[in-house]
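Following: one structure in C-alpha coordinates, then a few remarks.
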Amino acid sequence: MNHTPLAYSEIRRELLAGKYTCVEVVQGHLAQISLCNDQLNAFLTVYAEEALLRAAEIDVKIKEGNAGPLAGLVVGIKDLLCYADHPSQAGSQILNGFKSTFSATAVQRLLDADAIIIGRQNCDEFGMGSTNENSSFGPVLNYANPSHVAGGSSGGSAVAVQAGMCQVSLGTDTGGSIRMPAAFCGIMGLKPTYGRVSRWGLIAYASSFDTIGPMGHHVDDLALVLQTIEGKDGYDSTLMEDVASTYVSNKRVAYIKEIVEHPSLQVEIRDAFFEQVTQMKNAGYEVISVDFPFIDQLLPTYYVLTTAEASSNLARFDGVKFGYRTNDASDLMDMYKKTRDEAFGEEVKRRIMLGTFVLSADYYDAYYTKAQQVRRLIQERTLDVLSTCDFIVSPTTSSTAYKLGEKTLDPLQMYLGDLFTVQANITGLPALSIPMGVDSSGLPMGFQITGRAFDEQGLFEFAKSIER
Ligand code: GLN
(Lines give C-alpha, C1' and ligand atoms only; values in the text may rest on other atoms or scores of the structure.)
Protein backbone atom coordinates (compact mmCIF):
# COMPACT_ATOMS: atom_id res chain seq x y z
CA MET A 1 0.00 0.00 0.00
CA ASN A 2 2.64 2.52 1.07
CA HIS A 3 5.14 1.99 -1.69
CA THR A 4 4.51 1.00 -5.26
CA PRO A 5 5.79 -2.45 -6.17
CA LEU A 6 8.41 -2.83 -8.89
CA ALA A 7 7.39 -2.72 -12.53
CA TYR A 8 7.76 -5.94 -14.47
CA SER A 9 10.76 -4.66 -16.46
CA GLU A 10 12.67 -4.21 -13.19
CA ILE A 11 11.64 -7.62 -11.88
CA ARG A 12 12.65 -9.15 -15.18
CA ARG A 13 16.08 -7.57 -15.00
CA GLU A 14 16.66 -9.13 -11.57
CA LEU A 15 15.29 -12.49 -12.69
CA LEU A 16 17.58 -12.59 -15.72
CA ALA A 17 20.52 -11.49 -13.57
CA GLY A 18 19.82 -14.39 -11.23
CA LYS A 19 19.18 -12.08 -8.22
CA TYR A 20 16.06 -14.08 -7.45
CA THR A 21 13.87 -16.72 -9.06
CA CYS A 22 10.32 -16.96 -10.39
CA VAL A 23 9.63 -19.47 -7.64
CA GLU A 24 10.55 -16.84 -5.06
CA VAL A 25 8.38 -14.25 -6.80
CA VAL A 26 5.40 -16.62 -6.75
CA GLN A 27 6.09 -17.54 -3.12
CA GLY A 28 6.03 -13.84 -2.25
CA HIS A 29 2.59 -13.39 -3.78
CA LEU A 30 1.29 -16.62 -2.23
CA ALA A 31 2.43 -15.39 1.18
CA GLN A 32 0.51 -12.16 0.62
CA ILE A 33 -2.53 -14.16 -0.47
CA SER A 34 -2.42 -16.26 2.70
CA LEU A 35 -2.13 -13.08 4.70
CA CYS A 36 -5.07 -11.17 3.28
CA ASN A 37 -7.27 -13.14 0.91
CA ASP A 38 -9.50 -14.68 3.59
CA GLN A 39 -10.55 -11.20 4.61
CA LEU A 40 -10.56 -9.42 1.24
CA ASN A 41 -12.10 -12.26 -0.83
CA ALA A 42 -10.32 -11.24 -4.04
CA PHE A 43 -9.35 -14.74 -5.23
CA LEU A 44 -11.95 -17.49 -5.55
CA THR A 45 -9.37 -20.16 -6.31
CA VAL A 46 -5.62 -19.94 -5.88
CA TYR A 47 -3.53 -22.19 -8.13
CA ALA A 48 -0.65 -22.35 -5.64
CA GLU A 49 0.98 -25.65 -6.50
CA GLU A 50 0.51 -25.23 -10.19
CA ALA A 51 1.94 -21.70 -10.17
CA LEU A 52 5.01 -22.90 -8.27
CA LEU A 53 5.57 -25.75 -10.73
CA ARG A 54 5.28 -23.40 -13.68
CA ALA A 55 7.61 -20.93 -12.00
CA ALA A 56 10.20 -23.68 -11.60
CA GLU A 57 9.88 -24.54 -15.29
CA ILE A 58 10.30 -20.92 -16.27
CA ASP A 59 13.34 -20.60 -14.00
CA VAL A 60 14.91 -23.37 -16.07
CA LYS A 61 14.05 -21.50 -19.26
CA ILE A 62 15.66 -18.36 -17.84
CA LYS A 63 18.84 -20.29 -17.11
CA GLU A 64 18.80 -21.70 -20.62
CA GLY A 65 18.28 -18.23 -22.05
CA ASN A 66 14.97 -18.94 -23.79
CA ALA A 67 12.38 -17.47 -21.43
CA GLY A 68 9.34 -15.74 -22.95
CA PRO A 69 8.74 -11.97 -22.90
CA LEU A 70 6.60 -12.15 -19.74
CA ALA A 71 8.62 -14.76 -17.85
CA GLY A 72 7.73 -14.56 -14.18
CA LEU A 73 4.90 -12.06 -14.53
CA VAL A 74 2.36 -13.18 -11.93
CA VAL A 75 -1.18 -12.68 -13.21
CA GLY A 76 -4.66 -13.15 -11.78
CA ILE A 77 -7.65 -13.61 -14.06
CA LYS A 78 -11.22 -12.51 -13.57
CA ASP A 79 -13.75 -15.30 -13.18
CA LEU A 80 -15.34 -14.29 -16.50
CA LEU A 81 -12.37 -15.63 -18.49
CA CYS A 82 -11.98 -19.24 -19.53
CA TYR A 83 -8.80 -21.11 -18.65
CA ALA A 84 -8.59 -24.69 -19.94
CA ASP A 85 -9.31 -27.34 -17.30
CA HIS A 86 -9.82 -24.71 -14.62
CA PRO A 87 -13.11 -23.52 -13.14
CA SER A 88 -14.82 -20.42 -14.58
CA GLN A 89 -18.09 -19.39 -12.99
CA ALA A 90 -18.61 -15.74 -13.92
CA GLY A 91 -19.21 -15.13 -10.21
CA SER A 92 -22.41 -17.16 -10.60
CA GLN A 93 -23.90 -20.36 -9.22
CA ILE A 94 -25.33 -21.22 -12.63
CA LEU A 95 -21.83 -22.24 -13.74
CA ASN A 96 -21.19 -24.26 -10.61
CA GLY A 97 -18.76 -27.04 -11.45
CA PHE A 98 -18.05 -25.76 -14.96
CA LYS A 99 -14.53 -26.16 -16.32
CA SER A 100 -13.70 -24.83 -19.74
CA THR A 101 -12.09 -27.13 -22.27
CA PHE A 102 -10.14 -24.23 -23.81
CA SER A 103 -8.48 -21.00 -22.76
CA ALA A 104 -9.51 -17.49 -23.72
CA THR A 105 -7.20 -16.13 -26.41
CA ALA A 106 -5.96 -13.42 -24.04
CA VAL A 107 -5.20 -16.00 -21.35
CA GLN A 108 -3.49 -18.33 -23.81
CA ARG A 109 -1.28 -15.53 -25.14
CA LEU A 110 -0.15 -14.69 -21.60
CA LEU A 111 0.69 -18.32 -20.98
CA ASP A 112 2.58 -18.54 -24.28
CA ALA A 113 4.65 -15.55 -23.16
CA ASP A 114 5.55 -17.42 -19.91
CA ALA A 115 3.36 -15.43 -17.54
CA ILE A 116 2.23 -17.37 -14.47
CA ILE A 117 -1.47 -17.52 -13.62
CA ILE A 118 -1.91 -17.56 -9.87
CA GLY A 119 -5.67 -17.75 -9.53
CA ARG A 120 -9.17 -16.82 -10.53
CA GLN A 121 -10.66 -13.63 -9.20
CA ASN A 122 -14.00 -12.71 -7.72
CA CYS A 123 -16.36 -10.43 -9.70
CA ASP A 124 -19.97 -9.37 -9.94
CA GLU A 125 -22.12 -12.10 -11.44
CA PHE A 126 -21.62 -12.01 -15.23
CA GLY A 127 -19.94 -8.62 -14.77
CA MET A 128 -23.23 -7.02 -13.79
CA GLY A 129 -22.48 -4.58 -11.02
CA SER A 130 -20.34 -1.71 -9.85
CA THR A 131 -19.29 -2.85 -6.38
CA ASN A 132 -18.66 -6.61 -6.52
CA GLU A 133 -21.56 -7.08 -4.13
CA ASN A 134 -23.49 -8.97 -6.83
CA SER A 135 -21.06 -11.89 -6.71
CA SER A 136 -22.53 -15.19 -5.56
CA PHE A 137 -19.26 -15.61 -3.64
CA GLY A 138 -19.74 -12.50 -1.53
CA PRO A 139 -18.23 -9.03 -1.89
CA VAL A 140 -14.56 -8.13 -2.26
CA LEU A 141 -13.32 -5.67 0.36
CA ASN A 142 -11.17 -2.65 -0.43
CA TYR A 143 -7.61 -2.99 0.90
CA ALA A 144 -7.46 0.76 1.54
CA ASN A 145 -10.38 0.42 3.95
CA PRO A 146 -12.16 -2.94 4.30
CA SER A 147 -15.48 -1.39 5.31
CA HIS A 148 -15.67 -0.07 1.73
CA VAL A 149 -16.33 -1.88 -1.52
CA ALA A 150 -13.68 -2.69 -4.10
CA GLY A 151 -15.76 -1.43 -7.01
CA GLY A 152 -16.93 -3.69 -9.77
CA SER A 153 -17.35 -5.70 -11.59
CA SER A 154 -13.62 -6.61 -11.67
CA GLY A 155 -13.30 -6.02 -7.90
CA GLY A 156 -11.26 -9.12 -7.14
CA SER A 157 -8.86 -8.25 -9.94
CA ALA A 158 -8.36 -4.73 -8.60
CA VAL A 159 -7.86 -5.69 -4.97
CA ALA A 160 -5.50 -8.54 -5.86
CA VAL A 161 -3.19 -5.96 -7.48
CA GLN A 162 -3.83 -3.32 -4.82
CA ALA A 163 -2.85 -5.71 -2.03
CA GLY A 164 0.17 -7.19 -3.82
CA MET A 165 -1.36 -10.64 -4.29
CA CYS A 166 -0.32 -10.57 -7.97
CA GLN A 167 1.48 -8.13 -10.26
CA VAL A 168 -1.25 -7.63 -12.82
CA SER A 169 -4.78 -8.83 -13.42
CA LEU A 170 -6.84 -9.43 -16.50
CA GLY A 171 -10.25 -7.84 -16.05
CA THR A 172 -13.19 -7.16 -18.35
CA ASP A 173 -14.94 -3.88 -19.04
CA THR A 174 -18.45 -3.58 -20.48
CA GLY A 175 -19.38 -0.28 -18.87
CA GLY A 176 -16.50 0.56 -16.58
CA SER A 177 -15.68 -2.69 -14.82
CA ILE A 178 -11.91 -2.31 -15.21
CA ARG A 179 -11.66 1.44 -14.65
CA MET A 180 -14.07 1.85 -11.77
CA PRO A 181 -12.49 -0.72 -9.42
CA ALA A 182 -9.06 0.52 -10.52
CA ALA A 183 -10.08 4.02 -9.40
CA PHE A 184 -11.59 2.77 -6.13
CA CYS A 185 -8.42 0.81 -5.36
CA GLY A 186 -5.75 3.30 -6.44
CA ILE A 187 -4.34 1.28 -9.33
CA MET A 188 -4.41 1.59 -13.13
CA GLY A 189 -6.77 -0.10 -15.51
CA LEU A 190 -7.12 -0.02 -19.27
CA LYS A 191 -10.25 -0.65 -21.30
CA PRO A 192 -8.84 -1.23 -24.78
CA THR A 193 -10.50 -0.17 -28.02
CA TYR A 194 -13.36 -2.51 -28.89
CA GLY A 195 -11.92 -4.83 -31.52
CA ARG A 196 -8.34 -4.78 -30.27
CA VAL A 197 -8.37 -7.81 -27.95
CA SER A 198 -10.12 -11.04 -28.88
CA ARG A 199 -13.22 -11.81 -26.82
CA TRP A 200 -12.86 -15.52 -27.46
CA GLY A 201 -13.20 -17.26 -24.11
CA LEU A 202 -14.75 -14.25 -22.37
CA ILE A 203 -18.10 -15.30 -20.95
CA ALA A 204 -20.34 -12.81 -22.72
CA TYR A 205 -22.42 -10.16 -20.97
CA ALA A 206 -23.08 -7.60 -23.75
CA SER A 207 -21.08 -8.59 -26.79
CA SER A 208 -20.97 -5.22 -28.55
CA PHE A 209 -19.58 -3.60 -25.37
CA ASP A 210 -17.41 -6.30 -23.74
CA THR A 211 -13.64 -5.85 -23.68
CA ILE A 212 -10.73 -7.54 -21.90
CA GLY A 213 -7.95 -5.43 -20.44
CA PRO A 214 -5.06 -5.24 -17.98
CA MET A 215 -4.98 -3.80 -14.45
CA GLY A 216 -1.76 -3.04 -12.61
CA HIS A 217 0.46 -0.51 -10.87
CA HIS A 218 2.45 0.71 -13.88
CA VAL A 219 1.67 2.09 -17.32
CA ASP A 220 4.49 -0.01 -18.76
CA ASP A 221 3.01 -3.21 -17.32
CA LEU A 222 -0.35 -2.43 -18.88
CA ALA A 223 1.31 -1.70 -22.22
CA LEU A 224 3.25 -4.94 -22.10
CA VAL A 225 0.19 -7.04 -21.32
CA LEU A 226 -1.84 -5.30 -24.02
CA GLN A 227 0.90 -5.92 -26.57
CA THR A 228 0.82 -9.61 -25.66
CA ILE A 229 -2.93 -10.20 -25.76
CA GLU A 230 -4.02 -7.92 -28.64
CA GLY A 231 -4.36 -8.60 -32.32
CA LYS A 232 -5.89 -10.85 -34.92
CA ASP A 233 -7.54 -14.05 -33.83
CA GLY A 234 -9.57 -16.36 -36.03
CA TYR A 235 -12.09 -16.84 -33.22
CA ASP A 236 -13.32 -13.24 -33.04
CA SER A 237 -14.47 -11.62 -36.26
CA THR A 238 -14.96 -8.19 -34.63
CA LEU A 239 -11.21 -7.58 -34.38
CA MET A 240 -10.15 -4.59 -36.44
CA GLU A 241 -7.00 -3.17 -37.98
CA ASP A 242 -5.00 -0.61 -36.04
CA VAL A 243 -5.70 2.88 -37.39
CA ALA A 244 -3.88 4.94 -34.78
CA SER A 245 -0.70 5.48 -36.75
CA THR A 246 -2.46 8.04 -38.93
CA TYR A 247 -3.31 10.34 -36.02
CA VAL A 248 -1.60 13.66 -35.60
CA SER A 249 -1.25 14.98 -32.07
CA ASN A 250 -2.78 18.39 -31.38
CA LYS A 251 -1.49 18.57 -27.82
CA ARG A 252 -5.03 19.52 -26.98
CA VAL A 253 -7.21 17.88 -24.36
CA ALA A 254 -10.91 18.30 -23.64
CA TYR A 255 -13.07 17.81 -20.60
CA ILE A 256 -16.84 17.65 -20.73
CA LYS A 257 -18.50 20.52 -18.93
CA GLU A 258 -21.59 18.52 -17.94
CA ILE A 259 -19.38 15.93 -16.26
CA VAL A 260 -17.18 18.22 -14.17
CA GLU A 261 -20.26 20.20 -13.17
CA HIS A 262 -22.34 17.14 -12.39
CA PRO A 263 -24.12 17.44 -9.02
CA SER A 264 -23.11 13.88 -8.09
CA LEU A 265 -19.40 14.72 -8.31
CA GLN A 266 -17.65 14.70 -4.92
CA VAL A 267 -15.98 18.09 -4.27
CA GLU A 268 -12.60 16.60 -3.40
CA ILE A 269 -12.60 14.67 -6.67
CA ARG A 270 -13.42 17.80 -8.64
CA ASP A 271 -10.57 19.66 -6.91
CA ALA A 272 -8.12 16.84 -7.55
CA PHE A 273 -9.26 16.74 -11.17
CA PHE A 274 -8.57 20.43 -11.68
CA GLU A 275 -5.15 20.05 -10.07
CA GLN A 276 -4.53 17.42 -12.69
CA VAL A 277 -5.70 19.86 -15.36
CA THR A 278 -3.09 22.35 -14.12
CA GLN A 279 -0.49 19.60 -14.34
CA MET A 280 -1.50 18.98 -17.96
CA LYS A 281 -1.17 22.67 -18.77
CA ASN A 282 2.29 22.67 -17.18
CA ALA A 283 3.18 19.71 -19.36
CA GLY A 284 2.35 21.84 -22.40
CA TYR A 285 -1.21 20.75 -23.21
CA GLU A 286 -4.02 23.08 -24.12
CA VAL A 287 -7.06 22.08 -22.05
CA ILE A 288 -10.52 23.07 -23.23
CA SER A 289 -14.05 22.60 -21.94
CA VAL A 290 -16.60 21.15 -24.36
CA ASP A 291 -20.37 20.60 -24.24
CA PHE A 292 -21.83 17.17 -24.43
CA PRO A 293 -25.60 17.37 -24.92
CA PHE A 294 -26.22 13.63 -24.37
CA ILE A 295 -25.14 13.31 -20.78
CA ASP A 296 -28.65 12.26 -19.64
CA GLN A 297 -28.86 9.69 -22.43
CA LEU A 298 -25.63 7.84 -21.57
CA LEU A 299 -26.96 5.55 -18.86
CA PRO A 300 -30.35 4.77 -20.45
CA THR A 301 -28.65 3.93 -23.75
CA TYR A 302 -26.12 1.74 -21.99
CA TYR A 303 -28.66 -0.09 -19.84
CA VAL A 304 -31.19 -0.68 -22.63
CA LEU A 305 -28.60 -2.09 -25.02
CA THR A 306 -26.55 -4.11 -22.54
CA THR A 307 -29.58 -5.73 -20.93
CA ALA A 308 -30.95 -6.57 -24.39
CA GLU A 309 -27.68 -8.26 -25.32
CA ALA A 310 -27.45 -9.93 -21.92
CA SER A 311 -30.93 -11.42 -22.16
CA SER A 312 -29.87 -13.09 -25.37
CA ASN A 313 -26.35 -14.12 -24.24
CA LEU A 314 -27.58 -15.62 -20.99
CA ALA A 315 -30.25 -17.75 -22.66
CA ARG A 316 -27.65 -20.51 -23.07
CA PHE A 317 -27.55 -21.19 -19.34
CA ASP A 318 -30.45 -23.61 -19.14
CA GLY A 319 -29.25 -26.46 -16.96
CA VAL A 320 -28.70 -28.71 -19.96
CA LYS A 321 -25.23 -27.91 -21.21
CA PHE A 322 -23.36 -26.16 -18.42
CA GLY A 323 -23.05 -26.05 -14.68
CA TYR A 324 -25.95 -26.10 -12.29
CA ARG A 325 -29.21 -28.01 -12.76
CA THR A 326 -32.13 -28.09 -10.35
CA ASN A 327 -32.83 -31.32 -8.46
CA ASP A 328 -36.51 -30.91 -8.47
CA ALA A 329 -38.11 -30.70 -11.91
CA SER A 330 -41.29 -32.33 -13.19
CA ASP A 331 -40.61 -31.81 -16.89
CA LEU A 332 -38.21 -30.03 -19.24
CA MET A 333 -39.88 -26.61 -19.01
CA ASP A 334 -39.96 -26.85 -15.25
CA MET A 335 -36.28 -27.79 -15.25
CA TYR A 336 -35.32 -24.70 -17.27
CA LYS A 337 -37.34 -22.41 -15.06
CA LYS A 338 -36.21 -23.79 -11.73
CA THR A 339 -32.59 -24.01 -12.78
CA ARG A 340 -32.50 -20.38 -13.80
CA ASP A 341 -34.57 -19.23 -10.87
CA GLU A 342 -32.41 -21.04 -8.33
CA ALA A 343 -28.99 -20.23 -9.74
CA PHE A 344 -29.12 -16.68 -11.13
CA GLY A 345 -28.80 -13.82 -8.67
CA GLU A 346 -31.30 -11.00 -8.37
CA GLU A 347 -29.45 -8.43 -10.46
CA VAL A 348 -28.94 -10.89 -13.31
CA LYS A 349 -32.64 -11.78 -13.30
CA ARG A 350 -33.57 -8.10 -13.25
CA ARG A 351 -31.43 -7.49 -16.33
CA ILE A 352 -32.67 -10.52 -18.22
CA MET A 353 -36.24 -9.34 -17.66
CA LEU A 354 -35.45 -5.75 -18.62
CA GLY A 355 -33.57 -6.94 -21.72
CA THR A 356 -36.38 -9.26 -22.75
CA PHE A 357 -38.83 -6.41 -22.33
CA VAL A 358 -36.92 -3.92 -24.50
CA LEU A 359 -36.61 -6.59 -27.20
CA SER A 360 -40.26 -7.63 -27.11
CA ALA A 361 -42.23 -7.05 -30.33
CA ASP A 362 -44.41 -4.25 -28.94
CA TYR A 363 -41.56 -2.25 -27.41
CA TYR A 364 -38.63 -3.06 -29.69
CA ASP A 365 -38.76 0.19 -31.66
CA ALA A 366 -39.52 2.37 -28.68
CA TYR A 367 -36.53 1.12 -26.67
CA TYR A 368 -34.04 -1.04 -28.52
CA THR A 369 -34.09 0.73 -31.90
CA LYS A 370 -34.20 4.13 -30.20
CA ALA A 371 -31.21 3.26 -28.03
CA GLN A 372 -29.23 2.15 -31.09
CA GLN A 373 -29.98 5.50 -32.72
CA VAL A 374 -28.89 7.39 -29.63
CA ARG A 375 -25.76 5.24 -29.46
CA ARG A 376 -24.88 6.55 -32.90
CA LEU A 377 -25.47 10.16 -31.85
CA ILE A 378 -23.25 9.71 -28.79
CA GLN A 379 -20.55 8.19 -30.99
CA GLU A 380 -20.71 11.00 -33.50
CA ARG A 381 -20.52 13.76 -30.91
CA THR A 382 -17.65 12.03 -29.10
CA LEU A 383 -15.68 11.53 -32.33
CA ASP A 384 -16.36 15.13 -33.15
CA VAL A 385 -14.59 16.21 -29.95
CA LEU A 386 -11.73 13.82 -30.68
CA SER A 387 -11.28 15.22 -34.18
CA THR A 388 -9.75 18.36 -32.69
CA CYS A 389 -8.54 17.03 -29.33
CA ASP A 390 -6.27 14.06 -28.58
CA PHE A 391 -8.01 13.03 -25.38
CA ILE A 392 -11.11 13.54 -23.28
CA VAL A 393 -10.33 13.59 -19.57
CA SER A 394 -12.59 13.26 -16.55
CA PRO A 395 -12.67 11.82 -13.07
CA THR A 396 -13.19 8.05 -13.41
CA THR A 397 -15.98 8.02 -10.85
CA SER A 398 -18.08 10.68 -9.18
CA SER A 399 -17.24 9.46 -5.69
CA THR A 400 -14.71 7.33 -3.87
CA ALA A 401 -15.53 3.74 -2.87
CA TYR A 402 -18.95 3.34 -1.26
CA LYS A 403 -19.45 1.77 2.14
CA LEU A 404 -20.41 -1.90 1.91
CA GLY A 405 -24.17 -2.15 1.45
CA GLU A 406 -24.57 1.57 0.77
CA LYS A 407 -25.94 1.11 -2.77
CA THR A 408 -27.35 -2.39 -2.74
CA LEU A 409 -30.94 -1.52 -1.95
CA ASP A 410 -31.45 0.81 -4.89
CA PRO A 411 -30.35 -0.47 -8.30
CA LEU A 412 -30.79 2.95 -9.93
CA GLN A 413 -28.35 4.53 -7.46
CA MET A 414 -25.93 1.76 -8.33
CA TYR A 415 -26.33 2.39 -12.07
CA LEU A 416 -25.70 6.13 -11.59
CA GLY A 417 -22.18 5.32 -10.46
CA ASP A 418 -21.34 4.27 -14.03
CA LEU A 419 -22.08 7.69 -15.51
CA PHE A 420 -18.48 8.65 -16.35
CA THR A 421 -17.33 5.28 -17.66
CA VAL A 422 -20.03 4.03 -20.04
CA GLN A 423 -19.27 6.56 -22.80
CA ALA A 424 -16.09 4.69 -23.76
CA ASN A 425 -18.05 1.45 -24.14
CA ILE A 426 -20.93 3.01 -26.04
CA THR A 427 -18.38 4.44 -28.48
CA GLY A 428 -15.87 1.56 -28.41
CA LEU A 429 -13.01 3.95 -27.61
CA PRO A 430 -10.03 3.12 -25.39
CA ALA A 431 -9.96 4.57 -21.87
CA LEU A 432 -7.39 4.42 -19.11
CA SER A 433 -7.89 5.08 -15.41
CA ILE A 434 -4.86 6.19 -13.42
CA PRO A 435 -4.59 7.05 -9.72
CA MET A 436 -5.36 10.64 -8.72
CA GLY A 437 -4.40 10.62 -5.03
CA VAL A 438 -6.71 9.96 -2.10
CA ASP A 439 -9.56 11.88 -0.51
CA SER A 440 -9.55 13.12 3.10
CA SER A 441 -10.60 9.70 4.38
CA GLY A 442 -7.75 8.00 2.56
CA LEU A 443 -9.83 6.47 -0.23
CA PRO A 444 -8.31 6.46 -3.72
CA MET A 445 -9.58 8.65 -6.58
CA GLY A 446 -9.16 7.97 -10.30
CA PHE A 447 -8.42 10.07 -13.38
CA GLN A 448 -9.79 8.83 -16.69
CA ILE A 449 -8.30 9.46 -20.13
CA THR A 450 -10.32 8.49 -23.20
CA GLY A 451 -8.56 8.49 -26.56
CA ARG A 452 -9.10 7.86 -30.24
CA ALA A 453 -9.68 4.36 -31.54
CA PHE A 454 -6.53 2.22 -31.26
CA ASP A 455 -4.51 5.05 -29.74
CA GLU A 456 -3.67 3.16 -26.53
CA GLN A 457 -0.04 4.12 -27.08
CA GLY A 458 -1.09 7.77 -26.98
CA LEU A 459 -2.97 7.15 -23.73
CA PHE A 460 0.07 5.52 -22.15
CA GLU A 461 2.44 8.30 -23.19
CA PHE A 462 0.03 10.98 -22.04
CA ALA A 463 -0.47 9.25 -18.70
CA LYS A 464 3.28 9.14 -18.15
CA SER A 465 3.71 12.79 -19.04
CA ILE A 466 1.24 13.88 -16.35
CA GLU A 467 1.94 11.23 -13.70
CA ARG A 468 2.21 12.63 -10.21
N1 GLN B 1 -21.40 -1.38 -13.73
C2 GLN B 1 -21.71 -1.63 -15.07
C3 GLN B 1 -22.82 -2.66 -15.17
O4 GLN B 1 -23.24 -3.10 -14.16
C5 GLN B 1 -20.49 -2.06 -15.83
C6 GLN B 1 -20.21 -3.50 -15.75
C7 GLN B 1 -19.07 -3.96 -16.58
O8 GLN B 1 -18.31 -3.17 -17.13
N9 GLN B 1 -18.97 -5.28 -16.71
O10 GLN B 1 -23.26 -3.01 -16.20
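Whatever order the structure lists them in is the order used to number ligands and atoms, beginning at 1. Note that the numbering runs from 1 along the sequence shown for the chain.
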Show me the donor-acceptor pairs, under 3.5 Å and distance only, between side chains in residues 288-300 and residues at least two apart or in other chains.
from, atom 1, to, atom 2, distance (Å)
Asp291, OD1, Lys257, NZ, 3.4

Residues that Tyr336 engages under ring pair (Phe, Tyr, Trp, His ring centres under 6.0 Å), provided they are two or more places apart:
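Partners of Tyr336 by the ring pair (Phe, Tyr, Trp, His ring centres under 6.0 Å) criterion come out as none, since no residue qualifies.
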Return the set of residues passing side-chain hydrogen bond (donor to acceptor under 3.5 Å, both in side chains) with His148 (not counting sequence neighbours), or none when no residue passes.
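Here no residue qualifies.
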Geometric cation-pi criterion, Arg350 with Tyr415: 6.0 Å, 45°
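No - Arg350 does not lie over the ring of Tyr415 by the 6.0 Å and 45° rule.
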Less than 4.0 Å between a side-chain N and a carboxylate O, is that true for Asp233 and Arg199?
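No salt bridge links Arg199 with Asp233.
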Under 6.0 Å between the ring centres of Phe357 and Tyr367?
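Yes, they do, as the ring centres are separated by less than 6.0 Å.
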Got the residues with a heavy atom under 4.0 Å of ligand 1, by chain and number?
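The 4.0 Å shell around ligand 1 contains Gly127, Met128, Gly129, Ser130, Ser153, Asp173, Thr174, Gly175, Gly176, Ser177, Tyr205, Tyr302, Tyr303, Arg351, Asp418.
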